[in-house]
Amino acid sequence: VQLQASGGGLVQAGGYLTLSCAASGLTFSTFPMGWFRQTPGKEREFVAGISRDGDTTYYADSAKGRFTTSRDNAKNTVYLRMNSLKPEDTAVYYCAAGRQFGIVPNKYNYWGQGTQVTVSS
């Protein structure tokens, strides 16, 4: 199983980025997907999640109203659109696939390598 995250980068506060996560080696449409982020010295925190069919999404309070996750099961890809970015959004962002949905990392079986998002003030 491989999850390849991409799309991170450096952006000014108020800007936007769209992260992508391409999956291979698994039946993508059968896995709920999650986005997490982590900064040095802190635990990995839940950002957003999406159901197998993409009809249901969940967001951390910090992401509500600014971030949108979606998926394209035909392309085995999940996305995270991040608008109105803030310096506190700076982190390494990870995508994850789990056999059941959850907001804690141990609910997820497979992880991408992470992509760095840096928001300058």
Side-chain angles (χ1 to χ4, degrees):
V1 174
Q2 271 199 320
L3 301 177
Q4 184 69 41
S6 61
L10 174 64
V11 64
Q12 288 189 329
Y16 66 91
L17 284 173
T18 299
L19 306 184
S20 300
C21 175
S24 60
L26 76 170
T27 307
F28 182 71
S29 61
T30 66
F31 284 81
M33 298 295 294
W35 289 95
F36 290 76
R37 66 187 183 188
Q38 190 170 23
T39 54
K42 293 190 176 181
E43 293 185 354
R44 198 166 290 189
E45 66 170 352
F46 173 78
V47 176
I50 188 166
S51 61
R52 295 173 180 86
D53 59 7
D55 283 352
T56 305
T57 55
Y58 303 86
Y59 299 93
D61 287 344
S62 59
K64 285 178 184 175
R66 300 188 299 128
F67 294 5
T68 303
T69 188
S70 60
R71 66 191 295 163
D72 185 339
N73 285 345
K75 296 182 178 180
N76 287 1
T77 302
V78 62
Y79 306 94
L80 183 67
R81 169 75 178 206
M82 304 185 294
N83 294 330
S84 303
L85 283 163
K86 306 174 181 179
E88 51 264 42
D89 294 319
T90 296
V92 176
Y93 283 71
Y94 298 89
C95 59
R99 298 195 184 277
Q100 57 180 313
F101 175 76
I103 63 171
V104 293
N106 64 15
K107 292 292 187 181
Y108 293 84
N109 303 89
Y110 307 108
W111 291 84
Q113 85 287 3
T115 184
Q116 176 70 48
V117 171
T118 303
V119 184
S120 63
S121 58

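Quantities reported herein were computed from a predicted structural model and do not represent experimental measurements.
Rounded to the nearest 0.5 angstrom, E88 CD and T90 OG1 are separated by 8.0 Å. To the nearest 0.5 Å, atom CG of residue L85 and atom OG of residue S120 are 10.0 Å apart. Interatomic distance, T77 OG1 to R71 CZ, rounded to the nearest 0.5 Å: 10.0 Å.
Nearest approach of V117 to M82, heavy atoms of both residues: CG2-CE, 3.8 Å. Looking at every heavy atom in both residues, F101 comes nearest to G49 through CE1-CA, 3.6 Å.
Applying the salt bridge (Lys or Arg N to Asp or Glu O under 4.0 Å) rule to D53 yields no partners; only residues at least two apart in sequence or on another chain are considered. A search for salt bridge (Lys or Arg N to Asp or Glu O under 4.0 Å) contacts involving E45 returns R37, not counting sequence neighbours. Applying the side chain to side chain contact (heavy atoms under 4.5 Å, CB included) rule to K42 yields the partners T39; only residues at least two apart in sequence or on another chain are considered. Annotation: salt bridge (Lys or Arg N to Asp or Glu O under 4.0 Å) contacts of R66 (sequence neighbours excluded): D89. Taking Y108 as the reference, F36 meet the ring-ring contact (aromatic ring centres under 6.0 Å, His included) condition, with sequence neighbours excluded. Here N83 pairs with R81 under the side chain to side chain donor-acceptor pair (under 3.5 Å) rule; sequence neighbours left out. The side chain to side chain contact (heavy atoms under 4.5 Å, CB included) search around Q38 returns R44, Y94, not counting sequence neighbours. For N106, there are no side chain to side chain donor-acceptor pair (under 3.5 Å) partners at least two apart in sequence or on another chain.
A 4.5 Å side-chain heavy-atom check between S51 and Y58 finds every atom pair outside the cut-off. With a 4.5 Å cut-off on side-chain heavy atoms, L80 and T68 do not count as touching. Between V104 and F46 the shortest side-chain heavy-atom distance does not fall below 4.5 Å.
Residues V78 and V92 fall into different hydrophobic clusters, defined by Ile, Leu, Val, Met, Phe, Trp and Tyr side chains chained together at heavy-atom separations under 4.5 Å. Under a hydrophobic clustering in which Ile, Leu, Val, Met, Phe, Trp and Tyr are joined whenever their side-chain heavy atoms come within less than 4.5 Å, directly or via other members, I50 and Y110 fall into the same cluster.
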Using residues 1-20 as the side-chain source, report each donor-acceptor pair under 3.5 Å to any protein atom, sequence neighbours left out, with the distance given to one decimal.
none

Please report, to 0.1 Å, the donor-acceptor pairs under 3.5 Å made by any side chain of residues 22-35, with sequence neighbours excluded.
from	atom 1	to	atom 2	distance (Å)
T30	OG1	T27	O	2.7
W35	NE1	T69	OG1	3.4
W35	NE1	Y79	O	3.4

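Among residue pairs with one or both ends in residues 36-91, none qualify as disulfide (SG to SG under 2.5 Å); sequence neighbours excluded. Within the structure, no pair that satisfies the disulfide (SG to SG under 2.5 Å) test touches residues 46-77, not counting sequence neighbours.
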